[in-house]
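Reading through the structure tokens given below for one structure.
The figures here come from the full heavy-atom set of this structure, side chains too, leaving out hydrogens, waters and symmetry mates.
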Amino acid sequence: MVYRSSWMTEELDLFRESFRRFLATTLAPRAEQWRADKRVDREAWLALGEIGALCPDVPEEYGGLGGTFGHVAAVIEDLEYELPEMASPIAVHNGIVAQYVMAYGSEEQKRRWLPGMVRGELIGAIAMTEPGGGSDLQALRTTARREGNSYVLNGSKTFITNGQNADLIIVAAKTDSNQRAKGISLLMLEAQGSDGFRRGRNLDKIGMHASDTSELFFDDALVPPENRLGDEEGRGFYQMMEQLPKERLAIAIGAVAATERMVRITTEYVKDRNAFGKPVIEFQNTAFTLAERKTEALIGRVFLDWCIERVIAGELDQVTASMAKYWTTDKQVETADACLQLHGGYGYMREYEIARRFVDARVQRIYGGTNEIMKVLIARSL
Ligand SMILES: Cc1cc2nc3c(=O)[nH]c(=O)nc-3n(C[C@H](O)[C@H](O)[C@H](O)COP(=O)(O)OP(=O)(O)OC[C@H]3O[C@@H](n4cnc5c(N)ncnc54)[C@H](O)[C@@H]3O)c2cc1C
């Protein structure tokens with residue numbers, strides 16, 4: 001029996017068919033170059049914009065397809081299957097930055113930024129984490145001082161996805177340093193021509209080599225007050241808490257898709273590879289390992305689909321999203337290890353997809369809130 005996600009539609013089937021073909025034939029051949037360059041080129045972003053894969057849930061009046069979060073989920077999944085190099089950059093752009101602009105942007109802000117984000121002319125990033133810490137967001141130290149008709153930003157951020165490519169960066173900063181949560185606001189920094197804003201190194205990661213990850217520095221960088229997200233100062237922490245379930249689900253979507261893909265490519269490999277005169281799938285250990293992983297992938301898929309339905313209905317809560325993020329990414333990492341093992345020595349060679357998926361998987365348990373923080377949030381609901 002073939003399982004079908006409850007949120008899939010015939011329209012999405014058609015979109016995904018041509019999208020996957022486009023990824024496999026047009027963009028995937030460039031992935032190796034991106035891994036060497038440590039970033040995806042701008043042309044690829046523009047090409048995704050052209051085909052309708054950027055911010056597909058943005059309403060038509062702002063240039064989007066007017067889809068639902070189902071479209072966002074489909075794009076992340078298809079990238080994870082066919083072109084994992086772009087999955088994380090696009091998940092941040094579509095699944096986080098565009099969501100903040102749609103949720104908290106004024107009419108003027110939406111008209112100014114969303115069409116460019118849909119076309120791939122404005123690449124989005126979100127800068128919460130600082131060198132001093134990422135888990136304790138309320139303790140962040142970047143300041144935004146009001147001076148005349150500007151906010152003056154000072155501080156630094158690190159590990160920022162799309163940090164090198166980004167044109168539009170949501171910066172979490174303290175507009176009131178005497179307060180913790182209540183002192184945080186979200187400011188949209190437009191990178192071009194911003195004096196006082198500087199990109200640091202494109203960081204040298206153990207995996208996800210095509211996804212640029214950077215330090216960012218603000219030395220008296222000016223941001224006009226009309227670039228603040230939300231009508232009032234001090235709403236930033238609450239805005240992040242509202243949006244984090246979607247961000248965490250975007251990570252879980254990638255995790256389940258990657259798990260499914262690893263089970264598939266490993267099944268193909270072990271059917272093809274011989275030892276002791278027979279295909280290695282005929283060893284019970286191999287078959288049982290894949291049987292277990294296939295079962296877990298489907299369990300993850302069904303739970304994930306339920307969470308995606310909840311997002312579409314506007315009902316996904318923090319605790320459920322945390323469960324999805326922690327469990328699916330733990331399973332992704334375990335599956336990567338088990339599938340690499342079944343590849344033998346070839347699994348350790350970077351030219352094999354499973355080797356890249358093994359190192360790429362590891363960060364999924366760390367970003368978007370570590371899996372320990374997920375358990376803290378779940379435990380509070382006990
Ligand atoms: C490749 C990559 C991309 C990223 N992209 C972005 C991005 O685009 N934007 C962004 O803002 N950030 C980004 N991050 C940062 C990421 O979200 C943080 O690394 C993460 O939230 C953890 O923060 P930290 O690294 O400061 O770890 P710390 O907060 O220092 O945590 C260290 C350890 O202590 C544990 N710990 C901390 N507090 C608790 C607690 N209360 N209970 C139990 N254990 C605890 C953690 O789980 C972890 O194991 C990215 C990180 C990476 C590696």
Side-chain angles (χ1 to χ4, degrees), residues 1-28 44-99 101-103 114-115 117-120 124 243 245-261 263-264 297-316 320-321 324-325 328 332:
M1 189 175 163
V2 179
Y3 173 81
R4 181 168 162 88
S5 296
S6 48
W7 47 272
M8 278 296 294
T9 60
E10 280 177 26
E11 181 223 330
L12 266 175
D13 281 330
L14 289 175
F15 170 77
R16 297 182 73 165
E17 206 185 302
S18 63
F19 183 49
R20 283 199 200 188
R21 208 172 329 113
F22 170 78
L23 292 176
T25 55
T26 313
L27 294 183
W45 282 86
L46 294 172
L48 284 193
E50 185 88 3
I51 200 169
L54 295 183
C55 316
D57 58 338
V58 161
E60 287 173 18
E61 55 189 305
Y62 306 113
L65 289 181
T68 67
F69 193 79
H71 290 72
V72 176
V75 167
I76 298 172
E77 267 184 34
D78 288 346
L79 286 168
E80 191 58 59
Y81 292 132
E82 304 293 341
L83 190 63
E85 286 76 7
M86 284 196 87
S88 179
I90 301 299
V92 168
H93 181 83
N94 287 3
I96 307 179
V97 182
Q99 305 299 323
V101 179
M102 283 193 283
L114 289 174
M117 291 186 70
V118 169
R119 289 193 296 267
Q243 292 302 314
K246 254 189 221 172
E247 169 175 355
R248 289 172 180 153
L249 199 65
I251 294 171
I253 292 167
V256 171
T259 304
E260 291 169 343
R261 170 84 181 183
V263 171
R264 205 181 83 203
L298 183 57
I299 292 169
R301 158 68 54 203
V302 174
F303 178 39
L304 176 74
D305 284 342
W306 183 72
C307 292
I308 293 172
E309 282 173 34
R310 302 269 67 72
V311 177
I312 294 171
E315 292 171 354
L316 183 69
T320 310
K325 195 270 176 182
T328 60
Q332 179 187 1

Please report the closest heavy-atom contact between Val75 and Pro56, naming both atoms and the distance. CG2-CG, 4.2 Å
Between Ser18 and Phe15, is there a donor-acceptor pair closer than 3.5 Å when you use the side chain of the first and the backbone of the second? yes
With no hydrogens and no angle check, is any side-chain donor or acceptor of Ser5 less than 3.5 Å from a backbone partner on Trp7? no
Minimum heavy-atom separation for Cys55 to Asn94, with atom names? N-OD1, 2.8 Å
Nearest 0.5 angstrom please: Leu46 CG to Leu54 CG, how far? 8.5 Å
Do the ring planes of His93 and Trp45 sit parallel (below 30°), tilted (30 to 60°) or perpendicular (above 60°)? perpendicular
Would you call Met102 and Pro59 a side-chain contact if the rule is heavy atoms closer than 4.5 Å? yes
To the nearest 0.5 Å, tell me how far Met86 CE sits from Glu80 CD. 13.0 Å
Hey, are Arg264 and Glu260 close enough for a salt bridge, meaning a charged N less than 4.0 Å from a carboxylate O? no
Atom CD1 of Ile299 and atom OG1 of Thr328: how far apart are they, to the nearest 0.5 Å? 13.0 Å
On a heavy-atom basis, which atom in Asp57 and which in Phe69 lie closest, and how many Å separate them? CB-N, 4.4 Å
Over all heavy atoms of both residues, which pair between Ile76 and Ala250 is shortest? Give the atoms and the distance, please. CD1-CB, 3.8 Å
The test is salt bridge (Lys or Arg N to Asp or Glu O under 4.0 Å); show your working for Asp78 and Arg21 and say whether it passes. CA-CA 10 Å; Asp78 288 346; Arg21 208 172 329 113; over 6 Å; no
Tyr3 versus Val302: any side-chain heavy-atom pair under 4.5 Å? yes
Return the SG to CG distance between Cys307 and Leu316, rounded to the nearest 0.5 Å. 5.5 Å
Restricting to non-hydrogen atoms, name the atom on Phe22 and the atom on Ala47 that form the minimum distance, rounded to 0.1 Å. CZ-CB, 3.9 Å
Considering only heavy atoms from C-beta outward, does the side chain of Phe19 approach that of Leu48 to under 4.5 Å? yes
Might you point out which heavy atoms bring Leu83 and Leu27 nearest each other, and give the distance in Å? CD2-CB, 3.7 Å
Note: Glu77-Arg16 ion pair, threshold 4.0 Å (strictly below): yes
Take atom CD of Glu50 as the centre, draw a 6.0 Å sphere, and report whether it contains more than 12 heavy atoms from other residues, nucleotides or ligands. no
Quick one: do Asp13 and Arg4 make a salt bridge, cutoff under 4.0 Å? yes
Without swapping roles, check the side chain of Thr9 against the backbone of Leu12 for a donor-acceptor pair under 3.5 Å. yes
Working to the nearest 0.5 Å, report the span between CG of Asp305 and CZ of Arg310. 12.0 Å
Checking side chain to side chain contact (heavy atoms under 4.5 Å, CB included) for the pair Phe303/Thr320: CA distance, chi angles, key distance, verdict? CA-CA 10 Å; Phe303 178 39; Thr320 310; 4.0 Å; yes
How long is the straight-line distance from CD of Gln99 back to NZ of Lys246, given to the nearest 0.5 Å? 4.0 Å
Flag for Thr259-Gln332: side-chain donor and acceptor within less than 3.5 Å: no
Side chain to side chain contact (heavy atoms under 4.5 Å, CB included) between Val72 and Val311: does it pass, once the steps are laid out? CA-CA 11 Å; Val72 176; Val311 177; over 6 Å; no
May I have the step-by-step check of side chain to side chain contact (heavy atoms under 4.5 Å, CB included) for Val92 and Val97, ending in yes or no? CA-CA 6 Å; Val92 168; Val97 182; 4.1 Å; yes
